[in-house]
Amino acid sequence: MNSTQSPGAAVRIENLDKYYGSFHALRKINLSVERGERIVVCGPSGSGKSTMIRCINRLEQHNGGRITVLGTELNDDVGNIDGIRREVGMVFQHFNLFPHMTVLENCMLAPMIVRKQPRAEAEATARRYLEKVRIPEQAMKFPGQLSGGQQQRVAIARALCMQPQIMLFDEPTSALDPEMIAEVLDVMVTLASEGMTMICVTHEMGFARRVADRVIFMDGGEIVEEAPPEEFFTSSRNERTRQFLSQVLGH
Amino acid sequence: MSSLLRNQKVRNALLQLLYVGSIAALVLAGVAIARQNLAEQGITSGFDFLSKSTGWDVNFSLLPATANDPYWWFFLIGIINTLFLGSVGLMLATIVGTIVGLARTSSNELARLLGRTYVDIFRNIPLILQVFFWYAVITHLPTPRSAYEAWGMLLTSRGLYVPVPNVGGPAMTLAIFALIAAIALPVWLGRTSRLSQPIGERLAIQLAGAAAALAGAAIILAIGRLPDLPLVDFPALQGLNLKGGLRIPPEFSALAIAIAIYGGSYIAEIVRGGFKAVGKGQMEAALSLGLSPWRVFTLVRLPLALRAMLPILANQYVWLIKATTMGIAVGFTDFFMIVALTINHSGQTLEAIGILMAGFLTINLSLAAVFNRINKAIALKGNQLRG
């Protein structure tokens with residue numbers, strides 16, 4: 001895959017359809033994300049936000065439409081899938097660290113095996129990113145010995161160690177206590193300021209307002225509204241969006 | 001005094017004393033009654049009989065055995081036979097169980113169906129019936145003259161004849177230990193180099209360890225080789241019977257197959273449970289990092305599943321070791337059968353049963369201790385709850 005030179009959008013989703021059995025989870029989704037763009041996806045639970053971003057690295061298979069990531073079409077071609085997964089990092093709601101490996105090993109595993117990096121290089125990279133997420137001193141600990149916020153920051157470091165061009169965040173702060181949310185969001189804000197292409201499913205509206213180039217509101221498997229944050233929060237036209245915002249921001 | 005009795009610590013101590021005292025009294029009474037009964041029947045108790053020769057023979061032994069050998073030697077033969085049957089049975093059961101268990105967790109519907117059918121059938125037929133079934137099948141194999149032959153082995157109704165190296169006893173024992181080391185060394189090396197080495201180098205170190213142990217075994221075999229004989233003793237037909245090689249009697253094969261198939265059906269369920277216990281999230285994380293499905297399996301899914309399986313597996317192994325006592329049903333001279341024969345011939349019932357119980361306790365407690373050590377060593381560190 002020759003993605004670094006390939007022009008155009010980082011992610012292009014055209015007429016995406018996804019079914020779970022007879023349940024129509026995603027309906028004709030169209031979305032284009034430019035390189036360096038920061039997108040926040042929000043919406044009520046069950047609206048298809050997670051399903052959509054999980055389609056981008058094929059943790060879910062789409063049933064219709066086209067997904068193109070960094071110029072490569074995501075289809076049944078295993079080479080394409082592997083190539084795209086190498087360039088797309090993902091952070092999960094429940095961190096999903098490997099509990100039988102140390103923090104450092106978690107970060108070194110994929111670069112050494114997938115990118116065939118020598119050990120010394122992989123370790124240097126891992127330590128650099130652990131420093132960046134502000135937990136270099138935890139490198140030799142196991143995930144189970146860390147707090148939720150620390151684990152999520154390790155998960156971000158683990159994804160970054162592959163030096164991806166796009167980062168997907170699937171509700172990264174939903175399983176965390178309030179004070180830990182801040183430490184994870186800080187890391188994400190830093191990442192955004194450095195120009196990483198990011199697609200974040202989150203309910204952190206403060207983060208959206210501060211960081212996002214565009215906010216996307218989904219409901220019932222459709223993209224209902226798509227707007228820059230100021231416009232989205234102050235003058236959204238859609239009834240469903242306004243209702244959702246009043247619920248999220250009301251408390 | 002009454003205030004002393006109301007003290008919680010004093011009360012607890014008195015209760016303990018009463019409890020220990022009554023158990024001791026029970027044991028002493030039992031011993032006294034047994035001694036009196038034995039004296040009335042004119043049986044001398046004690047362990048003197050261990051050094052007397054048995055006067056009977058065993059049908060299968062990995063050690064040299066004649067009717068002139070003493071009882072203690074026969075007990076040793078019995079224990080070794082039990083351990084041999086146990087280890088072969090457990091290994092085969094583990095292989096069968098892993099394959100069937102993986103089939104049951106497979107995404108292939110046919111594999112799942114086959115796996116479930118296997119478990120449903122073999123888990124629900126009593127072990128002793130399965131032993132008899134396989135014994136009947138094996139004893140109906142062809143006679144030595146029309147034996148099935150494969151890789152120098154001969155399969156007949158009289159047993160399976162396998163080629164053995166013409167090597168002296170001590171060298172053979174050493175070589176077996178070297179072979180065990182070839183399996184154990186990589187595991188140990190993998191553990192000690194865990195933090196300091198990357199996965200690729202770790203594998204190389206493990207392979208080097210295994211290769212060194214194998215080379216050691218080869219050297220021991222070459223040195224211990226018996227003079228003027230070919231290196232490997234192949235079984236061959238001589239007259240009406242087969243000569244040479246090692247004869248694995250039908251009793252042993254029937255037991256090993258039955259334990260493998262019956263035990264495999266239980267282990268399959270343990271394997272399935274172990275894989276089900278691995279969170280989907282960890283595998284998705286591994287996939288999202290670009291690891292191939294095979295790497296996800298070997299580096300994430302299998303190591304985590306093993307941790308979930310091991311405690312239950314240890315339990316199953318202890319159970320299967322005890323199941324080797326089925327040997328007496330088809331006449332395989334395992335530890336239990338040797339004890340039964342000893343009781344018949346010497347009348348030393350209490351002593352022999354004492355030795356039997358002590359023997360099985362030792363085997364199974366050692367097995368449990370080994371598994372506990374492994375469990376502790378690989379246990380996941382810290383709190384596995386999220387958040």
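Owing to the predicted nature of the structure, the values given are computational and were not obtained by experimental measurement. Every chain is numbered from 1 and lettered A, B, ... according to where its sequence line falls, protein lines coming before strand lines.
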Exercise for review: Would you mind telling me which of A:L104, A:N57, A:L59, A:D82 has the largest number of heavy-atom pairs within less than 4.5 Å of chain B?
Suggested key: A:L59

Check your understanding: Take atom NZ in B:K276; do more than 12 heavy atoms of anything else shown fall under 6.0 Å from it?
Key -> no

Check your understanding: Does some side-chain heavy atom of B:I378 sit less than 4.5 Å from a side-chain heavy atom of A:H100?
Key -> no

Review point. Does atom CZ of A:R115 have more than 12 heavy-atom neighbours from other groups under 6.0 Å away?
Key: yes

Point to revise | Side chain, backbone, both or neither of A:L168 within contact of chain B (heavy atoms, under 4.5 Å) | key: neither

Revision key, fill the gap. Heavy atoms of B:L289 and A:A110 approach each other most closely as CB-CB, 3.7 Å

Review point. Which answer fits A:R58, side chain, backbone, both or neither, if we ask what part of it has an atom under 4.5 Å from a heavy atom of chain B?
Key: neither

Review point. For B:A379, is it the side chain, the backbone, both, or neither that has a heavy atom closer than 4.5 Å to a heavy atom of chain A?
Key: neither

Practice item. Could you tell me which non-hydrogen atom of B:A285 sits nearest to which non-hydrogen atom of A:F92, and how far apart they are? Key: CA-CE1, 3.6 Å

Practice item. Taking atom CZ of A:R12 as the centre, report whether more than 12 heavy atoms of other residues, nucleotides or ligands fall under 6.0 Å from it. Key: no

Review point. Can you tell me if CD on B:E109 sees more than 12 non-hydrogen neighbours from other groups inside 6.0 Å?
Key: no

Check your understanding: Which bit of B:L291 is near chain A, if near means a heavy-atom gap under 4.5 Å: side chain, backbone, both or neither?
Key -> both

**Study point:** B:F297 atom CZ, over 12 foreign heavy atoms within 6.0 Å
**Key:** yes

**Study point:** Residues B:E284, A:R54; criterion side chain to side chain contact (heavy atoms under 4.5 Å, CB included); working and verdict
**Key:** CA-CA 10 Å; B:E284 283 181 350; A:R54 286 163 60 86; 2.6 Å; yes

Study note, to complete from the structure: Rounded to the nearest 0.5 angstrom, the CG-CD distance for B:L380 and A:Q145 is 10.5 Å

Study note, to complete from the structure: Between the OG atom in B:S292 and the CZ atom in A:R85, the distance rounded to the nearest 0.5 Å is 10.5 Å

**Study point:** B:Q282 side-chain N/O to A:L97 backbone N/O, donor-acceptor pair under 3.5 Å
**Key:** yes

Exercise for review: Find the distance between OG (B:S288) and CD1 (A:I84) and round it off to the nearest 0.5 Å.
Suggested key: 13.5 Å

